Amino acid sequence: MGSMIVAALTAALDQWSKYRFEEKIGKDCCMPVFNDRIRLQYLENEGAFMGRFKDDKKKLMLWNAAGIGIILVMLAFSRNRLLRFGLALMLGGAIGNNIDRVRKGSVTDFITFGPKFKIHYNIADFAIFAGSFLALLGELAKRKG
């Protein structure tokens, strides 16, 4: 049950941050942070990571559904706390990005790192990355113990 709360809170935080960015900063703004090492800049990503699958929406939605399904199955059978926490973050991030895809056909990204500023992120993306790392640590710890 705790994993579902973490996933729901992660998805809610992601949606809230996207809403606040659009409302307070706006789609046409570029705000440099930390001596322009980070920029808050609006981008609509019609695909997955770096625009992958943007030309094949059916494949994109199939991969999303499969990923969420696999995470749910792993959560159902895992007893490792760190692995479950990581999976919950991944699930929340996936749900947050999928809400965007279903609602408007693209994902709102608004955080990018310099110096080239080519890859844009959002809170859901960070949750997926952090969750993957924690899940891996949880799995490695289980194998050592």
Side-chain angles (χ1 to χ4, degrees), residues 1-75 78 80-142 144:
M1 185 58 137
S3 297
M4 293 301 122
I5 292 170
V6 169
L9 288 174
T10 301
L13 176 62
D14 172 67
Q15 290 297 299
W16 176 83
S17 68
K18 291 170 183 174
Y19 170 78
R20 293 293 291 177
F21 182 85
E22 290 179 33
E23 179 184 86
K24 294 292 183 184
I25 297 176
K27 294 182 178 182
D28 298 323
C29 180
C30 176
M31 180 184 294
V33 181
F34 298 119
N35 294 326
D36 206 23
R37 289 187 179 101
I38 299 173
R39 286 186 190 166
L40 301 180
Q41 183 176 5
Y42 186 87
L43 177 83
E44 289 292 327
N45 184 353
E46 294 182 7
F49 181 72
M50 294 183 67
R52 286 177 175 53
F53 299 119
K54 71 179 176 184
D55 296 327
D56 193 345
K57 300 291 185 196
K58 287 182 182 179
K59 190 179 283 187
L60 177 61
M61 293 308 281
L62 180 66
W63 277 106
N64 287 332
I68 288 172
I70 290 167
I71 292 169
L72 286 169
V73 168
M74 291 177 71
L75 273 170
S78 176
N80 179 298
R81 285 185 184 173
L82 190 56
L83 175 59
R84 290 180 62 78
F85 184 68
L87 290 169
L89 287 174
M90 292 168 61
L91 180 62
I95 290 170
N97 280 341
N98 273 334
I99 289 170
D100 283 4
R101 283 190 187 97
V102 169
R103 188 170 55 90
K104 59 185 181 174
S106 61
V107 173
T108 299
D109 291 329
F110 59 91
I111 304 165
T112 187
F113 297 93
K116 301 210 183 212
F117 302 106
K118 290 187 177 185
I119 303 173
H120 289 70
Y121 301 92
N122 57 45
I123 301 301
D125 297 333
F126 289 121
I128 292 167
F129 289 134
S132 299
F133 180 73
L134 292 174
L136 178 63
L137 286 179
E139 190 61 27
L140 291 173
K142 182 175 81 172
K144 278 193 163 192

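Quick caveat: nothing in here was measured; it's all calculated off a predicted structure. All heavy atoms count here, side chains included; hydrogens, waters and symmetry mates do not.
The side chain to side chain donor-acceptor pair (under 3.5 Å) check on Gln15 picks up Asp100, with sequence neighbours excluded. The side chain to side chain donor-acceptor pair (under 3.5 Å) check on Asn64 picks up Asn98, with sequence neighbours excluded. Under the ring pair (Phe, Tyr, Trp, His ring centres under 6.0 Å) criterion, Phe110 pairs with Phe21, not counting sequence neighbours. Partners of Ser132 by side chain to side chain donor-acceptor pair (under 3.5 Å), not counting sequence neighbours: none found. Qualifying side chain to side chain donor-acceptor pair (under 3.5 Å) partners for Arg81, counting only residues two or more places apart in sequence or in other chains: none.
A donor-acceptor pair under 3.5 Å is absent between the side-chain atoms of Asn35 and the main chain of Arg37, judged by distance alone. Looking only at distances, a side-chain donor or acceptor of Thr112 sits under 3.5 Å from a matching main-chain atom of Ile119.
Taking all atoms of both residues into account, the shortest heavy-atom contact from Ala124 to Gly93 is CB-O, 3.2 Å. Minimum interatomic distance between Asn80 and Gly138 (heavy atoms only, all atoms of both residues): ND2-O, 2.9 Å. Between Leu134 and Gly86, the closest heavy-atom pair is CB-CA, 3.9 Å. Closest approach of Ser17 to Ile123, counting heavy atoms only: OG-CG1, 3.2 Å. Heavy atoms only, all atoms of each residue included: Val102 and Met61 are closest at CG2-CE, 3.9 Å. Shortest non-hydrogen contact noted between Cys30 and Pro32 is O-CD, 3.5 Å.
Met4 has its side chain within reach of Leu75: a pair of non-hydrogen atoms, C-beta onward, lies under 4.5 Å apart. When side chains are defined from C-beta on, Ile111 counts as touching Leu40, because their heavy atoms get closer than 4.5 Å.
Separating the OG1 atom in Thr108 from the CZ atom in Arg103 is a distance of 6.5 Å, to the nearest 0.5 Å. The CD1 atom of Ile38 sits 13.5 Å away from the CD atom of Gln41 when rounded to the nearest 0.5 Å. Put simply, CD1 on Ile70 and CG on Leu91 are 12.5 Å apart, with the number rounded to the nearest 0.5 Å. We find the CG-CZ distance between Asn45 and Arg101 to be 7.0 Å, quoted to the nearest 0.5 Å. One finds the NE2 atom of His120 at 7.5 Å from the CG atom of Asp109 (value rounded to the nearest 0.5 Å).
Counting heavy-atom neighbours within 6.0 Å of Phe113 CZ, excluding the residue itself, gives a total above 12. More than 12 heavy atoms of other residues, nucleotides or ligands sit less than 6.0 Å from atom NZ of Lys104. By the neighbour-count criterion of 12 heavy atoms within 6.0 Å, atom CE of Met31 is sparsely surrounded, having that number or fewer from other residues, nucleotides or ligands.
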Item to check | Verdict with supporting geometry, Asp14 and Thr10, side chain to side chain contact (heavy atoms under 4.5 Å, CB included) | outcome: CA-CA 6 Å; Asp14 172 67; Thr10 301; 5.7 Å; no

Checklist entry - When you look at Leu87 and Met90, which way does the side chain to side chain contact (heavy atoms under 4.5 Å, CB included) test go after all the steps? => result CA-CA 5 Å; Leu87 290 169; Met90 292 168 61; 4.3 Å; yes

Item to check | side chain to side chain contact (heavy atoms under 4.5 Å, CB included) assessment of Lys18 paired with Val107 | outcome: CA-CA 9 Å; Lys18 291 170 183 174; Val107 173; 4.0 Å; yes

Item to check | Stepwise side chain to side chain contact (heavy atoms under 4.5 Å, CB included) test for Ile128 and Asn97 | outcome: CA-CA 10 Å; Ile128 292 167; Asn97 280 341; 4.2 Å; yes

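No side-chain donor-acceptor contact under 3.5 Å links Ser78 and Arg84.
Under the salt bridge (charged side-chain N to carboxylate O under 4.0 Å, His left out) criterion, the residue pairs touching residues 122-140 are Glu139-Lys142, Glu139-Arg143, with sequence neighbours excluded.
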